[in-house]
Novice: 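Got a structure for you, questions after.
What you see is a predicted model; the values in this text were computed from it and never measured. For the numbers below, each heavy atom of this structure counts, side chains included, while hydrogens, waters and symmetry mates do not. Here, residue 1 is the first one in the sequence, and each next residue gets the next number.
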Amino acid sequence: MHGALPSKAEYDAWVHEITYHTFVHENVKGFMEGFRYDAHPMGMLMASVGALSTFYPDAGNISDADNRHMQIVRMIAKMPTLGAWSFRNAQGKPFIYPDNDLSYTANFLSMLFKMSEQKYEADERLVKALDVLFILHADHEQNCSTNAVRSVGSSQVDPYSAVSAGVGALYGPLHGGANEAVLKMLRRIGSKENIPAFIQGVKDGNERLMGFGHRVYKNFDPRATIIKKACDDVFEVTGVNPLLEIAKELEKIALEDEYFISRKLYPNVDFYSGLIYEAFQFPPEMFTVLFAIGRTPGWLAQWSELVQDKEQKIARPKQIYTGERRLNFVPASERWA
């Protein structure tokens, strides 16, 4: 947000601000309770983030630096609350309020999984792993959702509406759904013995290798190495997902095969992250919500940069008309006769 790492005093102030803005207006709770039991968590998140603009009408004053800062704090702080409540809604469980004694990620896990216990205590290995995933899923370059935030933000709308647009872009299966596609692929393979046939199917164009390759990283995705280590830490707590052995064997074969090496198809951030999310007992429809929480600070940094750029204009891509050059207007009385 500021282009430099914070001093200890700045860091402590930031943590305090984020921690004490995790609560949402009680009417937001009623708003979210209005969704059907089978509402998709991303749809709920997109709608509730957009709804925050009506709770903070001052957010539209984007030229005021202090006001911008307050909205950024609110958005980063409340995103886990909204995400956790969308998860609880699908399970028919009561919403859990934030616990200001807990860290950002531990608090999120509490709002997700707390039941009747007095105090929710998450395993530190799980907290650390989810922290790592939030960081690794931060935005980079002008991906679809970041571009959506900037495009909508260029109209000088409030940041909640702009971030809601980013959530909407991330909702699409081509953007945020890759880790779920990896799990489906691993289940379809079924066992290590079936991998050679699957690999041949990929080469023949009959199968798709999910979780490999990236638009930006043309060599090994550096995030994949870190996530692979996080996998081991999580499975120490939850037990090993049987799909892990298939994933490791598939990765090993693909990294040694000239077909994939020549095409620069290396594991990306999505290859192992779905296995971790499943170990947490998240349903696949929650994966993208987790993605959105990690991406929110980056979206807001992009938005903040955008609104302070004096040369920034409203987004208006050039369009070239390629349709018919001459079309005759025929009145409805003749067309419908």
Side-chain angles (χ1 to χ4, degrees), residues 1-3 13-14 16-35 39 41-86 98 104 134 137-139 142-172 175-176 288-289 291-317:
M1 293 303 305
H2 300 287
W14 175 253
H16 178 84
E17 281 190 299
I18 297 296
T19 301
Y20 284 88
H21 281 88
T22 50
F23 281 78
V24 296
H25 194 287
E26 196 69 6
N27 286 358
V28 175
K29 180 180 176 183
F31 175 77
M32 296 189 75
E33 286 174 336
F35 286 98
M42 275 298 276
M44 293 183 65
L45 185 67
M46 179 170 58
S48 54
V49 168
L52 288 181
S53 66
T54 67
F55 289 89
Y56 305 110
D58 57 326
N61 183 16
I62 63 173
S63 61
D64 183 275
D66 291 337
N67 186 49
R68 284 199 308 271
H69 176 79
M70 178 52 65
Q71 309 315 324
I72 287 168
V73 166
R74 283 171 173 162
M75 187 74 268
I76 293 174
K78 298 178 194 309
M79 202 68 163
T81 307
L82 299 177
W85 285 8
S86 68
Y104 188 80
F134 281 157
H137 278 104
D139 76 306
Q142 289 304 301
N143 54 67
C144 179
S145 54
T146 301
N147 183 260
V149 171
R150 289 188 72 105
S151 182
V152 171
S154 73
S155 73
Q156 299 191 346
V157 74
D158 65 89
Y160 305 107
S161 298
V163 169
S164 180
V167 176
L170 198 60
Y171 197 171
H175 191 15
T288 325
V289 171
F291 202 162
I293 293 171
R295 188 148 285 198
T296 296
W299 284 338
L300 290 166
Q302 294 267 359
W303 171 81
S304 180
E305 176 191 73
L306 174 93
V307 298
Q308 294 178 75
D309 184 353
K310 290 181 170 54
E311 296 183 5
Q312 176 65 44
K313 297 178 181 177
I314 188 168
R316 186 67 162 82

Novice: How many angstroms lie between CZ in Phe23 and NZ in Lys29, if you round to the nearest 0.5 Å?
Specialist: 11.0 Å
Novice: Roughly how far, to the nearest 0.5 Å, is OG of Ser86 from CE of Met32?
Specialist: 5.0 Å
Novice: List the atom of Ser53, the atom of Asp158, and the distance in Å for their closest heavy-atom pair.
Specialist: CB-OD1, 3.2 Å
Novice: Does the Ser48 side chain pair with the main chain of Met44, one donor and one acceptor, at a distance under 3.5 Å?
Specialist: yes
Novice: How long is the span from the OH atom in Tyr56 to the NE2 atom in His25, to the nearest 0.5 Å?
Specialist: 8.0 Å
Novice: How about Val28 and Leu82: do any of their side-chain heavy atoms sit closer than 4.5 Å?
Specialist: yes
Novice: Report yes or no: does Ser154 contribute a side-chain atom to a donor-acceptor pair with the main-chain N or O of Ala315 at less than 3.5 Å?
Specialist: yes
Novice: Counting only N and O atoms by type, is there a donor-acceptor contact under 3.5 Å from the side chain of Ser164 to the main-chain atoms of Met46?
Specialist: yes
Novice: Which heavy atom of Tyr160 sits nearest a heavy atom of Ala59, and at what distance?
Specialist: CE1-CB, 3.5 Å
Novice: Please verify the inter-ring angle class for His2 with Trp14; under 30° counts as parallel, over 60° as perpendicular, anything in between as tilted.
Specialist: perpendicular
Novice: Show, in sequence, the C-alpha distance, side-chain angles and deciding distance for Val24 and Trp85, and conclude whether the side chain to side chain contact (heavy atoms under 4.5 Å, CB included) test is met.
Specialist: CA-CA 11 Å; Val24 296; Trp85 285 8; 3.5 Å; yes
Novice: Closest approach of Val152 and Ser161, non-hydrogen atoms and distance?
Specialist: CG1-O, 4.3 Å
Novice: Taking Thr81 for its side chain and Thr22 for its backbone only, find out whether a donor-acceptor pair lies under 3.5 Å.
Specialist: yes
Novice: Output yes when a side-chain donor or acceptor of His21 lies under 3.5 Å from a complementary backbone atom of Glu17, and no otherwise.
Specialist: yes
Novice: Just by distance, do the side chain of His137 and the backbone of Arg295 share a donor-acceptor pair under 3.5 Å?
Specialist: no
Novice: Would you mind reporting whether Val307 and Gln156 have side-chain heavy atoms less than 4.5 Å apart?
Specialist: no
Novice: Ignoring hydrogens, what is the shortest heavy-atom contact between Gly153 and Trp303? Give both atom names and the distance.
Specialist: CA-CD1, 4.2 Å
Novice: How about His175 and Ser145: do any of their side-chain heavy atoms sit closer than 4.5 Å?
Specialist: yes
Novice: Indicate the atoms forming the closest heavy-atom contact of Asp64 with Asn67, along with that distance.
Specialist: OD1-N, 2.7 Å
Novice: If you apply the rule side chain to side chain contact (heavy atoms under 4.5 Å, CB included), what do you find for Leu45 with Tyr171, and how did you get there?
Specialist: CA-CA 10 Å; Leu45 185 67; Tyr171 197 171; over 6 Å; no
Novice: Does a side-chain heavy-atom distance below 4.5 Å link Met79 with Val167?
Specialist: yes
Novice: Over all heavy atoms of both residues, which pair between Ala148 and Ala165 is shortest? Give the atoms and the distance, please.
Specialist: CB-O, 3.9 Å
Novice: Distance from Leu170 atom CG to Met42 atom CE, nearest 0.5 Å?
Specialist: 4.5 Å
Novice: I'd like to know if the side chain of Gln312 pairs up with that of Glu305 as donor and acceptor (distance under 3.5 Å, no hydrogens or angles considered).
Specialist: no
Novice: Is it the case that over 12 heavy atoms from other parts of the model lie below 6.0 angstrom from the CD atom of Glu33?
Specialist: yes
Novice: Report yes if some heavy atom in the side chain of Met75 is under 4.5 Å from a heavy atom in the side chain of Val49; otherwise report no.
Specialist: yes
Novice: Indicate whether any N or O donor in one side chain lies under 3.5 Å from an N or O acceptor in the other, for Asn61 and Ser63.
Specialist: yes
Novice: Checking side-chain polar atoms at under 3.5 Å, does Arg68 have a donor or acceptor matched by the opposite partner on Gln71?
Specialist: no
Novice: Look at the aromatic rings of Tyr104 and Phe134 and report parallel, tilted or perpendicular, splitting at 30° and 60°.
Specialist: perpendicular
